Amino acid sequence: MTDEAMSPLRRRMIEDMTIRKLAPKTQHDYVQRVKNFAAFLGRSPDMASFEDVRRYQLHLAASGVGVPTINQTVSTLRFFFRVTLRRYDIVEHAHFIHEPRKLPVVLSPEEVARLLNAASGLRYKLALSVAYGAGLRAAEVISLKVCDIDSTRMIIRAEQGKGRKDRYVMLSPSLLELLRAWWRAARPRGWLFPGRNPVQPMTTRQLNRACHAAAEAAGIEKNVSPHTLRHSFATHLLEQGVDIRVIQTLLGHAKLDTTALYTRVANTTIRAVTSPLDRLAPLIDGRLRPEA
């Protein structure tokens with residue numbers, strides 16, 4: 001949309017988001033969600049009442065929209081009414097929905113190896129190897145630049161990850177060997193994983209597709225995505241005995257509770273617990289008697 005065709009309300013909201021340094025994708029998504037709300041209302045969204053917002057949330061829930069989408073919409077509308085319109089009467093009644101916390105899907109080390117071997121081409125094999133070997137999010141993988149790889153200190157700089165925070169993660173010797181093979185083959189400049197247009201990085205969509213294709217080729221029936229490799233990275237480190245606070249730092253988690261979720265899926269942690277039945281075993285008659 002050209003600047004001339006943009007409504008003053010939308011321009012104001014974009015300016016508010018720019019002032020607060022919201023990412024371009026976040027700005028695009030916020031604008032689209034407000035457009036969807038306006039289409040539901042059939043009039044300008046600044047004329048909405050609390051009942052209108054409530055009806056829209058009910059409409060989304062009745063349409064079968066998932067909890068994450070509803071919460072993203074609530075977050076958008078709270079920003080729109082609180083920051084751009086200063087309509088606090090609506091904001092205080094727009095609540096998020098609690099989403100049941102599910103255990104992450106985790107691959108075994110053997111499954112990870114099969115997936116990486118099945119990846120189509122060196123570029124995708126390396127990108128997925130980085131996701132697993134350094135525990136990076138998909139968006140962090142595609143945002144890597146050649147200068148982020150520090151082979152002297154054996155670290156990778158993940159720039160402006162979730163929450164707009166930089167952090168360092170380890171660079172394993174095996175991953176460095178793959179990176180050097182990629183450098184010799186492609187000679188990337190700027191972006192470590194350039195897209196079809198070399199001045200732009202690979203997209204998360206491309207990486208997701210490559211991951212799904214590799215999982216299918218490897219015969220892995222689990223629901224796999226690049227984030228599954230990050231989950232597997234954390235779980236496998238925990239199973240190796242790495243301190244959970246170190247894993248928290250590597251993952252860039254703000255709260256230890258988030259990292260602690262992996263203790264619920266780490267096999268060695270589960271197997272290390274002694275069942276109370278085992279303590280009673282010497283006292284229990286081990287013979288099975290036939291039912292009367």
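If you read the sequence from its start, that first residue is 1, and numbering goes on from there. Keep in mind that what you see is a predicted model, and the values were worked out from it rather than measured.
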Same apolar cluster: [X] and [Y], side chain cutoff 4.5 Å:
X: Val105; Y: Leu251; answer: no
X: Met47; Y: Leu77; answer: no
X: Ile244; Y: Leu103; answer: yes
X: Tyr168; Y: Val146; answer: no

- Query: Run the side chain to side chain contact (heavy atoms under 4.5 Å, CB included) check on Ser7 and Arg10 step by step: do they pass?
  - Reply: CA-CA 5 Å; Ser7 71; Arg10 183 182 301 186; 3.4 Å; yes
- Query: So how far is it from His253 NE2 to Thr258 OG1, rounded to the nearest 0.5 Å?
  - Reply: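 Reported to 0.5 Å precision, the distance equals 5.5 Å.
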- Just how far is it from atom CD of Gln32 to atom CD of Gln72, taken to the nearest 0.5 Å? 13.0 Å
Do [X] and [Y] come within less than 4.5 Å of each other through their side chains, counting heavy atoms only?
X: Leu9; Y: Phe80; answer: yes
X: Leu192; Y: Leu179; answer: yes
X: Leu171; Y: Arg153; answer: no
X: Leu250; Y: Leu237; answer: yes
X: Cys211; Y: Val224; answer: yes
X: Ile156; Y: Met170; answer: no
X: Arg230; Y: Tyr132; answer: no
X: Thr228; Y: Pro104; answer: no

- Item | salt bridge (Lys or Arg N to Asp or Glu O under 4.0 Å) pairs, two or more places apart, involving residues 51-74 |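 Sorted result for residues 51-74: Arg43-Asp52, Asp52-Arg55.
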- Is the distance between the ring centroids of Phe79 and Tyr30 under 6.0 Å? yes
Check: [X] side chain, [Y] main-chain N or O, donor-acceptor pair, under 3.5 Å:
X: Thr26; Y: Leu22; result: no
X: His236; Y: Leu107; result: yes
X: Ser225; Y: His227; result: yes
X: Thr203; Y: Gln206; result: yes
X: Asp148; Y: Lys145; result: yes
X: Ser172; Y: Leu175; result: yes
X: Arg33; Y: Thr76; result: no
X: Asn71; Y: Ile97; result: yes
X: Trp191; Y: Met202; result: no
X: Thr69; Y: Val65; result: no

Does a salt bridge link [X] with [Y], judged by any charged N lying under 4.0 Å from a carboxylate O?
X: Glu111; Y: Lys222; value: yes
X: Arg137; Y: Glu140; value: yes
X: Asp89; Y: Arg87; value: yes
X: Glu15; Y: Arg20; value: no
X: Asp150; Y: Arg157; value: no

- Task: Take Val169 and Ile155, measure what side chain to side chain contact (heavy atoms under 4.5 Å, CB included) needs, and give me the verdict at the end.
- Result: CA-CA 6 Å; Val169 296; Ile155 56 174; over 6 Å; no
- Query: Who passes side chain to side chain contact (heavy atoms under 4.5 Å, CB included) against Ser120, sequence neighbours left out?
  - Reply: none
Please work out which of the three classes, parallel, tilted or perpendicular, describes the rings of [Y] and [X], given edges at 30° and 60°.
X: Trp182; Y: Phe193; answer: tilted
X: Phe37; Y: Phe81; answer: perpendicular
X: Phe40; Y: Tyr56; answer: tilted

- Task: Not counting sequence neighbours, which residues clear salt bridge (charged side-chain N to carboxylate O under 4.0 Å, His left out) with Asp46? List them please.
- Result: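 Asp46: no salt bridge (charged side-chain N to carboxylate O under 4.0 Å, His left out) contacts found.
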- Quick one: closest heavy-atom pair of Arg167 and Leu136, and the distance?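 Smallest heavy-atom distance, with atoms named: NH2-CD2, 3.6 Å.
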- Item | Criterion side chain to side chain contact (heavy atoms under 4.5 Å, CB included) on Leu207 and Leu128, from CA distance to verdict | CA-CA 8 Å; Leu207 187 58; Leu128 295 173; 3.8 Å; yes
- Task: Flag yes if more than 12 heavy atoms outside Asn223 fall under 6.0 Å of its CG atom; otherwise flag no.
- Result: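 No, not enclosed.
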